[in-house]
Structure formats: C-alpha cells, structure tokens
Amino acid sequence: MFSSRWRFGLDRYSEVDLFTDRYEADVETLSQAIRAAASEEPDADGSVLFGHLKGTVVGLRYYTGVVNQGEMVGLVRQPENPYDRNAVMVANIYGNQVGHIKRELAAAMAHVMDNNLAKVEGVVHSGTKNTFTMPVMLSFWGKEENKNAVIEGMARRGYKLNTGGSSATVVIPFFFQLKNAFDNLFDGLMESKDGEKEAAKSVGTPLLPHQKQALSWMCARENKSVLPPFWEKRGELYYNSLTCFSAKEIPERIRGGILADDMGLGKTLTTIALILTNFHNGKPLPVETFVSVAVCECVQTICVESSVTESADDLSARTTLIICPLSVISNWLHQLEQHVRANVKLNVYLYYGSERNRSKAFLSSQDVVITTYNVLSADSGNKSPLHGINWLRVVLDEGHVVRNPNAQMSKAVLGLKAQRRWILSGTPIQNSVKDLWMLLAFLRLKPFDVREWWNRVIQRPVTQGDRAGLQNLQTLVKCITLRRTKSSKVNGRPLVSLPEKAVCVEQVELSQTEREEYELARNEGKNTIRKYVAEGTVLRNYADVLAILMRLRQHCCHPDLLAKTSSDLGKTSTPAELRERLIDKLRLVLASGSDEECSVCLESVHLPVITHCAHVYCRPCIAQVINTEQETARCPLCRSEIKANELVERHLIRLLQQCDSDGKWPSMLPLRCEDSSIKYLVVSQFTRFLSILEAPLREHGFSFVRLDGTMSQKKRTQVIQEFQSSAADSPAIMLLSLKAGGVGLNLTAASHVFLMDPAWNPATEEQCIDRCHRLGQTRKVVVTKFIVKDSVEENMVKIQRQKQDLVEKAFGSSNTERKTSRIDDIKALMEL
DNA sequence: ACCGCCGGGTGCC
DNA sequence: ACCGCCGGGTGCC
C-alpha cells in the first residue's frame, strides 16, 4: 500500500532502468515518511508531472512585465476577458502581466485548468528579448488519477504533451539524506551571527552572552539593508537566482525574522531588549524616567550601526504589537515588569477584554501593545484598529500556532501592517515544510509569500525529494533564522548552566504491622513463584508473576492501594449488584487516574476493562491471558477465574470526576517548609496514592495542586500556571502523576522532588526530574527517592536498568537462552 | 476573375 | 513580424 505518487515514481525507475526490485521494500516507509512530512495537500505537493508542452506567449508589446532567461512565470485564467473567455494570462513573479497564451492553446488549457484537472506552470527559456511573442515551456501537474484525462484532453485539441521528462523523478537513495537534512533544518543556524550587543540602559536585567548575540542579530536584521535570500545585484538590476526574476527596484528587505531558540533561552527577554534598544535609526526607545539623571542615560545613543538606512521609514511609527496565545500574556507582563528598569516608564497596553480601548490614536501612542491571536482574529474585518495602524514592529509569539493558511487567525495576522516583523517560536516546524509558508508569508519574504511560488520553488521540490529544493530551503531558513538549543555552545561554553542537582535515597522503614503484612504477601508470592519455578511454568504464568510484584510495590506505598479482591465486593451479591459494583469500581479507578498501570504490560492502562474480581487491565493484555489459558484462565492479580464475556468495559460507564481521598497520613512524607518559597513535586506512579496523600496535606494546611493524566489540557494549563506563580498564596506542592504531561512540561517553580515509589524505567524518573531541573530553574534541585528498606523496591532499583529487557523477553522471542535469564531475573527480584 | 497573384496594412486575448 | 493573415487591387506573357 503506497501512494500513487510513489508508484508513479517507481514506474519511472523501471522505465529508465535505474533501480531494481530491491528498493521496493523501502517504498512503504518512504511513502509514509514523505506523507508525514508533506501532510498531503493535493493541489500542491501531492501532484505528479503529467508532461511538458511548448507554447507561445503573445501580445508582449502591450504589457510592461518583462522576464529573464529561465524565469518562472505564472499562468492565470481570465474567464472574464471580453475577447476570449478562454484567455490565459502570463505574469511574472511580481504579478506584472507579460502577455497571453495563444488563443488555441489557451482554449485547451482553459478546459484543463477550469476543471481543476491540472495546474499549469511556465518557464521562459528563450526569446525574452522578443517584441511580439515568445516561447514558453509549460508543465502540467496534478493528481495521478487526472493524468490521462489531461493528456487526452490536450491531445484532442491538437497538443501532445511530452511525457518523457524527468522533473518528477524522486531519487530514492538520496531520500534519507534529505530527510535527515530536513530534520536538521533548524540546527546550527548560528554561523556568522556571533556579534554581541549590549542592551539599552532601560533593560534592567543583564543579558547572557547568547542573548546579546541574539540582540545583535535582531538589530542587524532590522537595521542593515541586506538583500533577501537568493537576490543579487547584477549591474543596474536586482536578480533572484531561484526564480530568475529581476527588478530595477531593490527588493523589499525582510526587516525581522524567526527567533527559534529553544524554550528557556530567553526569547522574551531578548525581544524586550530589542524593543528598548532598537528604535528608529538604531537608537534606543526614548522612554520617560522618573529620575532626571537617568533620562540622559536612557536617551543616550548606543552603538549606532553605520549602515543604518531608514530614510524610507515612517518615523512616526512607535509601537510594537505583540501577539501571543492567551496563556502567555501573563508571562509577557511579568517579564516586562521584571526586566524593564523600575524608573523607566514604558507604555504597555493589554489589548484584551470587552472594555479594550479601540482608539487608533491611543494604541499607536503606546510603546507596546499586547494582544492574543483570538482577539486579533475577532477584530479583523470590521474596522479593526489593529489592522489600521502601521506598527513599528509586530511580534508573533509562539508563532508556530498560526500555520493553517486558511484559518481566520492566519489571515488576520497576514493583514497587519508593520515595518518590522518577528516570529518567536521554539518549534517553528511542527509537522512539515508546509508549516513554514505562513511564517515566510508573514515576513513577506518575496516571492514566497505567494503560495504558488512557494509551492513551485520550495515545497514541491522538497517533498518530492529534490536535492536543490532542500538546499534552497536551507539557505532560506538560514538567512532569516537564529536558533540555539540548550546544548548549543558559545565560545566553547554552554549557553546556560543549570543549577546543581542532588539526588538522595531515603530509606523508609515499614512499621511493624506493615512489615508483617508485607512479609505475608511476599512469602505468598515467593511460594507461588517457587512453585512455578519447580513446575517450569514461570513463563506461562508470567503475568501472574508481574502481578505479585505489583502488589508488593503497592504494599510499599500504602496498604489502601492494594486492590480489593472479589470477596470484598460481597459474595452474596446478585449478578446485577456485582455488575453495579464493578462499574462503580472501574469508574473510581479511571477517575483517580487513567494512567493506572496494567499488571500485565506494566504500561498505563490502555482500553481498560475490569474483571469480576475487580482488577483493571488493558483489554488486549487480559484477552491474551484468557486466550492462552482458555477455560483455566485466572486473574493475574488474585487468581480468581476469569472469563472473556465477564469483562466490563469502560464505554458502559459514565465517567465522573471523583477522588478517593480517604486514607491516613503516610509517615514517609517529611515535608519541612523552612523556606516558605520552596515548592515541592510529590510524584507517584499510582494516582490513587496521590489521592491518599491529599487528605493529610489538607489536614496539615498545605496548599497544593494536582496534575494527572485524567485532566483536560485546559485544566492542566491552569494548574501549572497556578503552581508556577510566585504569589504568596500560590500552592507549595504539586501532586504529580509520574507519567502525566509531556516532556515540555515546565515546573521550574519547584526545586524539591519527592519520588514516592521507584519506577521500573529509570528514564521515566529522569524525565520527571527534568521538569523542574531545566532552564529557568534558579535553585539547587533536591531529589529524594523513597525506597522501602528490605523490600521489592530495593530489588527493583537494582534491576531497573534491565526492566526494558525483562519486558521484551516476556513477550518477545522464544529463545531458550533468553528464557533462562528471564527466570533468573525474577528469582533475583524475589530473592529466591 | 465566382479565380490566383501581388504587395501594403496590420498585428493578443 | 526578416512572419502569417486579411482584403483591396489587379489580371497573358
């Protein structure tokens, strides 16, 4: 199953006998990869070349548009043309008309174009000096299924497409190289951008070296007149080497670009510094200060670039408009407050809410106006003040959020008038090359702000694996982007250094009762496993073995965690009552955390089902157990008989948010809040354990929030914001489910981490710790791992690194050697 | 000659 | 356009 485009590509190869069948195995992966990279927009990058045709452009002498040798031209239907409703206009890249396609050919093309059977593109190879007509090479592109219709339709009108060309050739061996290059498109964009610039005095926070570099680069991008990528001066003309277009006037330079630094490197601070440092003519923004002495300092000219040429600018433009997602508005306000000197009066207006001041005069008198994409989008159309102002600068924060060109938001963004344009984004490409178009269009990077040219010159070549296309894309991105990652280095030193991290292991003693209960369970388990070992049935009962381990781990956390067996549900229940209770139980389990671990696969429960003995598993996992053991199938956790038709599924249940919060204060949480500003992450992989912790935390008057996998994205954002706040009444503790949230989760407000129970996979723990031990962390990070002494937890830690291996062996190949070592692992774990 | 041929006028769609 | 086409002038060789 591969895409028609690729089938087409392969047919080509067999035709020209370049490749043999051995490449066919790669086709699936290749097509998938390309599809993923292109997200298939059928009219652009999903198209194949039908063929070429030499045509004629006529009427040159009536129009001013000129073309160069090799220049691409656009073909536009003119159904309203009074002389011929089939008219096809020929225009150069700036949209200046060059001529028309000759009538008879236009009639044939009109049929193809109007029925959307193909897109027709033109390149002029010769005759550019002609007075009256010139030849044009037309190529027809479209969906594979329309190929024959187009070829036949043209042939019927006397035009035979030459289908022997090779422009659509996809050179497979280069593909992976290209794919790799594309993945690294935004890497290493620091070359020759290593000047540093001091921020204006009004910036109160000293910039780090890499931030000074960024400031220097941003000022240069705003002030220096550098030709945009692919433009060069040839005599009196400016020439674009990609499209072969030339113009007398200097192409409009891109004043701005993409700051694509990793999260946490200070894009916001750098942008604030830019606003204050680079006003007109490279001078700082003139701001009022409360202390007269400081006025002199602030207005003082710092480091005026000699190449500043702003004569054509509207010097009355003052305001920088910042557009961001709602969730980061507070961050901007906070950082402006934090980084702008206290004695500096910067006029900042938050253009948000129904009472917002829509006066253009008022808005353009501000230094900074902040608004959201939604407000901008809602405003656009009906006399939007934001669209009526010629801004000094527009900044798109988290710029990658606008990437669907058809969205209202995108149109609103593209309609803004500004002298300088910036995009801030940690991840400028979300999915594919396509995402870049919006960014280039916003920056008005001609000619790529027109989709056709972008598609023809960059997107299609790149998605079809063309080397030159990718190289052009790289050049393009390189010219307008600055990106550093956390691992980038300045003068051989890392950009930022993280504060120290200390990890200590706290051994926890079980109370006497707990120890007795634990030993009981352990001996039971030991005996069971011993029996399996003796019978040689360890592997057949592997799920059971893992369940035993799980129960022991739960013992180490809290007795209430231990799943109740069916006897607790009441043996006298009627089947209907039992079912009712089971549904209730499953609802509780799901409500308290869908990332509950399945005892069979050890992963978060996926497609949860509950057994009649009230244990929750992934449906596929438990189905496999039942399938293997057939009528003798027993619950891996409690050995009750289980039947496939007795499993109760989630979709029968109306999920209710409910927290199981009874429980007793676990003695293992030694919170000492000496410094009241220190915040804590309390992490467990058992969300029910987090629930158990809630009551005692409440009792002891701790303010806390909770983040687990069951929460909606909106709720998560809200909780994170609350926790990250430095306000005095903000929560000091976050109860965090180990697997909740993505890698991007930023919990730097916390500096202490309590890992309440060891995870099978040490990488999971590391990831969790990194949520607070990351850029933005100012304190030393202290991590405490609680391990119950003389328990399975200790052994778990010992074999943590082998866990992945263990699971693989459990469900992997049937290799005898592996089986033996697997059994050894289990024996070690149980101290057998 | 209801043709052919010549040469001037003319010219996108 | 150093073309093609059109239409008026013209007409044996």
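Side-chain atoms are counted along with the backbone in the values below, which use heavy atoms only and exclude waters and symmetry mates. Protein chains get the first letters and strands the later ones, always in sequence-line order, with residue 1 at the start of each.
Nucleotide dC13(B) holds its P atom 12 Å from the CG atom of N86(A), rounded to whole Å. Rounded to an integer number of Å, the gap from CZ of R61(A) to P of dT10(B) is 11 Å. In this structure, N130(A) atom CG and dC3(C) atom P are separated by 14 Å, rounded to whole Å. Taking atom OH on Y63(A) and atom P on dC12(B), their separation rounds to 9 Å, with Å as the unit. If you measure from atom NZ of K102(A) to atom P of dC13(B), you get 6 Å, rounded to the nearest angstrom. Atom CZ of R103(A) is separated from atom P of dC12(B) by 10 Å (rounded to the nearest Å). One atom, CG of D84(A), and another, C1' of dC12(B), lie 10 Å apart when rounded to the nearest Å. To the nearest angstrom, P of dC13(B) lies 11 Å from CG of L105(A).
Evaluation of the side chain to side chain contact (heavy atoms under 4.5 Å, CB included) rule for C324(A) yields V328(A), I329(A), W332(A), I370(A), D397(A) as partners, not counting sequence neighbours. The side chain to side chain contact (heavy atoms under 4.5 Å, CB included) check on I250(A) picks up L227(A), Y238(A), with sequence neighbours excluded.
Backbone-only engagement by I101(A) is indicated by non-hydrogen atom pairs under 4.0 Å involving sugar-phosphate atoms exclusively.
For dA1(B) and dC5(B), the P atoms lie 16 Å apart once the distance is rounded to whole Å.
For the pair L392(A)/R318(A), no side-chain contact is recorded, criterion being any heavy-atom separation below 4.5 Å from C-beta on.
Judged by distance alone, with hydrogens and angles left aside, Y62(A) brings no side-chain donor or acceptor close enough to the base of dC13(B) to form a pair under 3.5 Å. With hydrogens and angles ignored, a donor-acceptor pair closer than 3.5 Å exists between the side chain of N81(A) and the base of dC13(B).
Pair assignment for dC13(C) gives none, since no Watson-Crick or G-U wobble pairing has each distance under 3.5 Å.
One finds a salt bridge joining R393(A) and E222(A) here, because a Lys/Arg side-chain nitrogen approaches an Asp/Glu carboxylate oxygen to under 4.0 Å.
Ring-plane geometry between Y94(A) and F245(A) is classed as tilted, the angle between the planes lying from 30 to 60 degrees on a 0 to 90 degree scale.
Stacking between F132(A) and dG11(B) is absent: the aromatic ring centre is not both under 5.5 angstrom from the base six-membered ring centre and within 30 degrees in plane angle.
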